[in-house]
Amino acid sequence: MATEFISKVKRTHSCGALRSSDIGKQIVLFGWVQNRRDHGGLIFIDLRDREGLTQIVFDPGISKDAHGKAELLRSEWVIGIRGEVRSRGMQWSKKDNKEVSGTNTKLATGEIEVYVSEVEVFNRAETPPFEISEHVTTSEEKRLEHRFLDLRRPHLQKTLITRSKMNAATRAYFHTHGFLELETPFMGRYTPGGARNFLVPSRLNAGKFYALAESPQLYKQLFMVAGFDRYFQIVKCFRDEDLRLDRQPEFTQIDVEMSFVSQEDIFETIEGLLKALWKEVHGLDIPTPFPRMNFDESMAKYGNDKPDLRFGMPHVVLNDLIAKFGAEGGVGPMWETLQAKGLIKAMVVSPVTAGQHDPTVVKAKEEAFRLANPNPNAKVPPPPHELSRKDIDETEAWVKGMGAGGLARAKIAENGDWTQAPLFKTAKPELKQAIIEATGAKPGDLILFQFGSTAKVHTIMANLRVYLAKKLWLIPEYGSGGKWNFLWVVNPPLFEYDEETKTWAAAHHAFTRPMDECLKYLEPETFDPEKVYCYRYDVVLNGFEIGGGSIRLHDPVVQAKVFRALGISDEDARSKFGFLLDALKFGAPPHGGIALGMDRLAFLITGTESLRDVIPFPKTQKGTDLMTGAPGEVDERQLKELYVKSTPPAKP
RNA sequence: GGGGAGUUAGUUCAGCUGGUUAGAACGCCGGCCUGUCACGUCGGAGGUCAGGGGUUCAAGUCCCCUACUCCUCGCCA
């Protein structure tokens, strides 16, 4: 009986542990049947647990009983074995008709195998819906439906083990730096603004709702007011917004708040944490401090606040230049953009020389080609040198999908002529020359242009830059390519103008501290909200925002001025942020903090394809769980108890 | 809310201009095999072509709708 075996016999090793130094030992392994190779006489099985694979051998000469049982074993059965560790050494191969090394260099345990004297089947398994194997791909849909099987794959086990280590390293780091790990409620009061909240109806309070915390923001500030001085938490947050490759509706943050600190103190703390994490996971010493870049510079050169600095191709803003030439410049649409207070940007795409391609992409493409073309004489296509006509057409279709009018471009010929550039047919030669100078384009280069509303041009150009870098093999489709380009993007404007409501709104949140030198623009006589920059910062890695935070506004006097600029009345402020305003009145220390996206960090540090690969039980893009079927319907009685009516639209 | 890609055997895919009984690989089942390691070999089973509607003598293939999955813009302070 299985229970007898497990109660009498203890596992001595994991399936990844045995080495040649263990030869001769009697051992016990428990695990799953990965693969069975039955030679009629000998039967080989790869036994798998989370630590790895061990080859076990059933020899009728050792145990007829065990060998007989082994004939029945199938994939994913759970077994325990007792046996002797033996060297694989030199073995006679009938296939090769000579002695060959029996060592399997692909396995960590490849030097040994275990001759089984006793086997116990703990559980049989039905044939799984897909193979639990690294070299068999399965659609994500099928994998999510059977997540408990997918989680058996070494790839997912590895990323989740890494994540566990990151959690441990994070806690160790903060505990040794004097931080307290304090908890905050998930169920709180709904406050308007920011991300959509998930709502939880209250049974005990008819008609009232909790909101699931989108972050512990307010609570952690209260910890500072309370004098805890240094707080951190690895905490779940909930946002009812549309999902993306790097976004899940429930996700984990490393949440941090500190008292009596400047922006630089926070940077130092977080750089130390990231250093510790990269050391833990990759054994790497990432260089600190990270570079700093002003928000405005980031927007101008890269079109967003999370530039990927593993490659160049910065944007060049042409507004001033077009303005200088005026309507006579000869590029009507750009001049019109200028009149409409829009944005005109250019980006130079230079031919890529051999050494510039990302070596991991070159290697991966070569391997993929070899796999598709088994003929060893087949010539591997070279990495792309420049964009082909087809590439450019594809790119144009792609930017149009993002709302671009088109993809204006100019190819600079060897003699300096502009080709493929209908937009510039009527352009003054001096304007073309000025654009060449501004962009630094050389003969052979391609200049791409976007113009139109500022936000749209930034978005399109930012995405275009990354899209082309992947197309030209400058960066891999996913993963770091071994490059870790950390960056702080700092000091954005505090306010942004909302075109719809024609009012100024807080770009981050209303409790971000304006930079000291900008305070005068909050005064009535020199009021100019556009010029108010603030102590806010994002930490960026390879084009992903991995965290963001700010120095908080703890001074009620300045707070009042910010509210006035935002057009928030005392009454509004009171109803929205009442308890925080109260708290700030009773001796709030200067404080600030940051929150890092743990899922994104794990996603980037492991170089996986998707955020879903570092979350054990992730949701699909529509926020559903294909395994449990959540969200599901509930019955009328439950709704009634909660004083809630459900009114989904009728299905057509 | 918008744009794009997709849905064919248990799994991953092929299926041309609409035309015979919808194929392959892996997996699965059975036989043989004492050195394999993605074992080999011989044989076998396995399909509501996502669902619905339409065009047609004839639909996996063309058209429309719906559902689901992925990517993306908006959105996510």
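All heavy atoms count here, side chains included; hydrogens, waters and symmetry mates do not. Residue numbering restarts at 1 for every chain, and letters A, B, ... go by the order of the sequence lines.
- Ring orientation note: the planes of Phe130(A) and His146(A) are nearly perpendicular, at an angle over 60° on the 30°/60° scale.
- Contact of the Ile551(A) side chain with the Ile266(A) side chain is registered, since non-hydrogen atoms from C-beta on lie closer than 4.5 Å.
- The residue Arg612(A) sits close only to the backbone: its heavy atoms come under 4.0 Å of sugar-phosphate atoms, none of a base.
- Across all strands, Glu141(A) comes closer than 4.0 Å only to sugar-phosphate atoms, never to a base (heavy-atom distances).
- In this structure, Glu84(A) has no side-chain hydrogen bond (donor to acceptor under 3.5 Å, both in side chains) partners at least two apart in sequence or on a different chain.
- Distance check on atom P: U72(B) versus U11(B) gives 26 Å, rounded to whole Å.
- In this structure the side chain of Glu76(A) never reaches within 4.5 angstrom of the side chain of Leu149(A), judged on heavy atoms.
- Within residues 617-625 of chain A, the residues that place at least one heavy atom under 4.0 Å from RNA chain B are, in residue-number order, Thr620(A), Gln621(A), Lys622(A), Thr624(A).
- Mapping Arg37(A) and Gly40(A) onto RNA chain B by nearest heavy atom places Gly40(A) at the nucleotide closer to the 5' end.
- Partners of Asp393(A) by salt bridge (charged side-chain N to carboxylate O under 4.0 Å, His left out), not counting sequence neighbours, listed by chain and number: Arg389(A).
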If you restrict it to nitrogen or oxygen atoms, what contacts under 3.5 Å exist between nucleotides 74-76 of chain B and the protein, and what is each distance?
unit_1: G74(B); atom_1: OP1; unit_2: Thr459(A); atom_2: OG1; d: 3.3
unit_1: G74(B); atom_1: N7; unit_2: Arg244(A); atom_2: NH2; d: 2.9
unit_1: G74(B); atom_1: O6; unit_2: Asp242(A); atom_2: OD2; d: 3.3
unit_1: G74(B); atom_1: O6; unit_2: Arg244(A); atom_2: NH1; d: 3.1
unit_1: G74(B); atom_1: O6; unit_2: Arg244(A); atom_2: NH2; d: 3.4
unit_1: G74(B); atom_1: N1; unit_2: Asp242(A); atom_2: OD2; d: 2.7
unit_1: C75(B); atom_1: O2'; unit_2: Glu241(A); atom_2: OE1; d: 2.7
unit_1: C75(B); atom_1: N3; unit_2: Arg247(A); atom_2: NH1; d: 3.0
unit_1: C75(B); atom_1: N3; unit_2: Arg247(A); atom_2: NH2; d: 3.1
unit_1: C75(B); atom_1: N4; unit_2: Arg247(A); atom_2: NH2; d: 2.6
unit_1: C76(B); atom_1: O3'; unit_2: Ala195(A); atom_2: N; d: 3.4
unit_1: C76(B); atom_1: O2; unit_2: Arg247(A); atom_2: NE; d: 3.0
unit_1: C76(B); atom_1: N3; unit_2: Arg247(A); atom_2: NH2; d: 3.2

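- For Phe495(A), there are no ring-ring contact (aromatic ring centres under 6.0 Å, His included) partners, not counting sequence neighbours.
- Atom CZ in Arg48(A) sits about 15 Å away from atom P in A38(B), given to the nearest Å.
- Remark: Glu609(A) engages no residue in a salt bridge (charged side-chain N to carboxylate O under 4.0 Å, His left out) (not counting sequence neighbours).
- Listed by chain and number, the residues in a ring-ring contact (aromatic ring centres under 6.0 Å, His included) with Trp504(A) are Tyr497(A) (sequence neighbours excluded).
- Rounded to whole Å, atom C1' of U36(B) lies 12 Å from atom CG of Leu107(A).
- Taking every heavy atom of residues 390-407 of chain A and every atom of RNA chain B, pairs under 4.0 Å involve Gly401(A), Met402(A), by number.
- For the P atoms, the distance from G19(B) to C62(B) is 11 Å, rounded to whole Å.
- No engagement by Glu545(A) is indicated, since no non-hydrogen atom pair under 4.0 Å with the nucleic acid exists.
- Across every strand in view, C76(B) sits unpaired, with no contact that passes the Watson-Crick or G-U test at under 3.5 angstrom.
- Stacking of the aromatic ring of Phe130(A) onto the base of U11(B) is not found under the criterion of centres within 5.5 Å and planes under 30°.
- Picking from G10(B), U36(B), U34(B) the nucleotide with the shortest atom distance to the side chain of Pro129(A) gives G10(B).
- Judged as a ring-ring contact (aromatic ring centres under 6.0 Å, His included), and not counting sequence neighbours, the contacts of Phe238(A) are Phe186(A).
- A distance-only check finds no donor-acceptor pair linking the side chain of Glu131(A) to the backbone of Thr138(A) [under 3.5 Å].
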Please produce a list of atom pairs where a protein N or O lies less than 3.5 Å from an N or O of nucleotides 22-27 of chain B.
unit_1: C26(B); atom_1: O2'; unit_2: Glu131(A); atom_2: OE2; d: 2.6
unit_1: G27(B); atom_1: O4'; unit_2: Glu131(A); atom_2: OE2; d: 3.4

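- One can place CD1 of Ile132(A) at 13 Å from P of U12(B), the figure rounded to the nearest angstrom.
- Distances were taken from every side-chain heavy atom of Lys142(A) (C-beta onward) to each of U12(B), U11(B), U34(B); the shortest belongs to U11(B).
- When both distances must be under 3.5 Å, the Watson-Crick or G-U wobble mate of C68(B) is G6(B).
- With G30(B), C37(B), C70(B) as the choices, the nucleotide that has an atom nearest any side-chain atom of Arg74(A) turns out to be G30(B).
- Glu134(A) comes within contact range of no nucleotide atom at all, as no heavy-atom separation falls under 4.0 Å.
- A heavy-atom distance below 4.0 Å to RNA chain B is reached by these residues of residues 460-469 of chain A, ordered by number: Asn463(A).
- With a 3.5 Å ceiling on both atom-pair distances, the Watson-Crick or G-U wobble partner of U41(B) is G31(B).
- Within the 4.0 angstrom heavy-atom criterion, no nucleotide atom of any strand lies near Ser133(A).
- In this entry U61(B) has no Watson-Crick or G-U wobble partner, no candidate having both defining distances under 3.5 Å.
- Among residues at least two apart or in separate chains, salt bridge (Lys or Arg N to Asp or Glu O under 4.0 Å) pairs with a member in residues 245-256 of chain A are Lys220(A)-Asp255(A), Lys236(A)-Glu250(A), Asp246(A)-Arg600(A), Glu250(A)-Lys619(A).
- Going from the P atom of U8(B) to that of U69(B) covers 15 Å, rounded to whole Å.
- Nucleotide U21(B) forms no Watson-Crick or G-U wobble pair with any nucleotide shown, as no partner meets the under 3.5 Å limit on both distances.
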